[in-house]
Amino acid sequence: MNKQLYHTDYAQWAETMSEILEKRDFEHLDIENLVEEIKDLSKRERDRLLSSIRLIIHHLLKWDYQPNKRSRSWEITIRRERNNIDFYLEDSPSLRKYLSEEWVTKIYRNACLDAMKETGLDFPESCPYSMAEILQRELKQ
């Protein structure tokens, strides 16, 4: 019954699993779907971090390649996403493993496409920013 509920009413399934856990009625848990959901929690946290990095890269590209169009909005987005990253890392220090040049390379492709779509400009094939620059570089007018 609980496995069916997972597919027909996710919110009810989650509430039911919570109640079953509180009662410690482990034999009625939908273990298979619980395991998948817990794995997804980790991925969601990772994806929030990577999304912030992607937005920063996107706005750094616009900042650097369209200096005549720089806006306070771009600067605020970069600062906000850097703050978000700080919060994510405070809550989940294990996410630091994604602050690598390997992940910059993976994220850059989509950030670059976002910036190209928005600006109509071409950008370098390889990311011109290190992770340190993405996270800390000062923006100069």
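Only this structure's heavy atoms are used, side chains among them; waters, hydrogens and symmetry mates stay out.
- For the pair Trp63 and Thr77, the minimum side-chain heavy-atom distance is 4.5 Å or more.
- The OG atom of Ser71 sits 7.0 Å away from atom NE2 of His59, with the distance rounded to the nearest 0.5 Å.
- When side chains are defined from C-beta on, Tyr108 counts as touching Pro128, because their heavy atoms get closer than 4.5 Å.
- Note that the CG atom of Leu49 and the CH2 atom of Trp103 stand 9.5 Å from one another [nearest 0.5 Å].
- Evaluation of the salt bridge (charged side-chain N to carboxylate O under 4.0 Å, His left out) rule for Asp30 yields no partner, not counting sequence neighbours.
- Closest non-hydrogen pair, Pro124 versus Cys112, comes out as O-SG, 4.2 Å.
- Not a single salt bridge (charged side-chain N to carboxylate O under 4.0 Å, His left out) links Glu19 to another residue, sequence neighbours left out.
- Using modelled atom types, one side-chain atom of Glu133 and one backbone atom of Ser130 make a donor-acceptor pair closer than 3.5 Å.
- Side chain to side chain, Thr105 and Glu101 fail the donor-acceptor criterion of an N or O pair below 3.5 Å.
- Residues meeting the salt bridge (charged side-chain N to carboxylate O under 4.0 Å, His left out) test with Asp47, sequence neighbours left out: none.
- The same ILVMFWY cluster, assembled from side-chain heavy atoms under 4.5 Å apart, contains both Leu5 and Tyr10.
- For the pair Glu118 and Lys62, the minimum side-chain heavy-atom distance is below 4.5 Å.
- A heavy-atom distance below 4.5 Å is found between the side chains of Glu81 and Asn84.
- In the hydrophobic cluster analysis, where Ile, Leu, Val, Met, Phe, Trp and Tyr join through side-chain heavy atoms closer than 4.5 angstrom, Ile38 is grouped apart from Ile31.
- Heavy atoms only, all atoms of each residue included: Leu61 and Ala115 are closest at CD1-CB, 4.1 Å.
- Glu138 contributes atom CD, which lies 11.0 Å from atom CD1 of Ile78 (distance to the nearest 0.5 angstrom).
- Ionic pairing of Arg44 and Glu37 is present here: one or more N-O contacts between side-chain nitrogen and carboxylate oxygen are shorter than 4.0 angstrom.
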**Request:** Starting from the C-alpha separation in whole Å, work towards a yes-or-no answer on side chain to side chain contact (heavy atoms under 4.5 Å, CB included) for Leu89 and Leu99.
**Result:** CA-CA 10 Å; Leu89 295 175; Leu99 301 182; 3.6 Å; yes
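- Cluster membership for Leu55 and Val104, using ILVMFWY side-chain heavy atoms within less than 4.5 angstrom, is not shared.
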**Item:** Test log, rule salt bridge (Lys or Arg N to Asp or Glu O under 4.0 Å), inputs Arg109 and Asp114
**Value:** CA-CA 9 Å; Arg109 289 181 288 222; Asp114 293 342; over 6 Å; no
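- Cluster annotation: Leu41 is not connected to Leu50 through the hydrophobic network of ILVMFWY side chains, with a link wherever side-chain heavy atoms come within less than 4.5 Å.
- Listed by chain and number, the residues in a salt bridge (charged side-chain N to carboxylate O under 4.0 Å, His left out) with Glu75 are Arg72, Arg79 (sequence neighbours excluded).
- Residue pairs that meet the side chain to side chain donor-acceptor pair (under 3.5 Å) test with at least one member in residues 85-100, sequence neighbours left out, do not exist here.
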**Request:** Apply the test side chain to side chain donor-acceptor pair (under 3.5 Å) to residues Tyr6 and Glu32: give CA-CA distance (whole Å), side-chain angles for both, the deciding distance (0.1 Å), then the verdict.
**Result:** CA-CA 11 Å; Tyr6 179 79; Glu32 183 179 313; over 6 Å; no
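- Atom OG of Ser52 is separated from atom CZ of Arg82 by 11.5 Å, given to the nearest 0.5 angstrom.
- Here NE2 of His58 is found 10.5 Å from CG of Leu113. Values are rounded to the nearest 0.5 Å.
- Remark: the backbone N or O of Gln4 is paired with a side-chain donor or acceptor of Thr8 at under 3.5 angstrom.
- By the 4.5 Å heavy-atom criterion applied to side chains, Arg48 and Leu95 are not counted as neighbours.
- Side-chain contact between Leu121 and Met116 is absent, with no heavy-atom pair separated by less than 4.5 Å.
- When side chains are defined from C-beta on, Leu139 counts as touching Leu60, because their heavy atoms get closer than 4.5 Å.
- Listed by chain and number, the residues in a ring pair (Phe, Tyr, Trp, His ring centres under 6.0 Å) with Tyr129 amount to none (sequence neighbours excluded).
- Of the possible polar contacts, one joining the Arg70 side chain to the Lys140 backbone as a donor-acceptor pair under 3.5 Å is found.
- Distance CD/Glu102 to CD1/Ile107: 10.5 Å, rounded to 0.5 Å.
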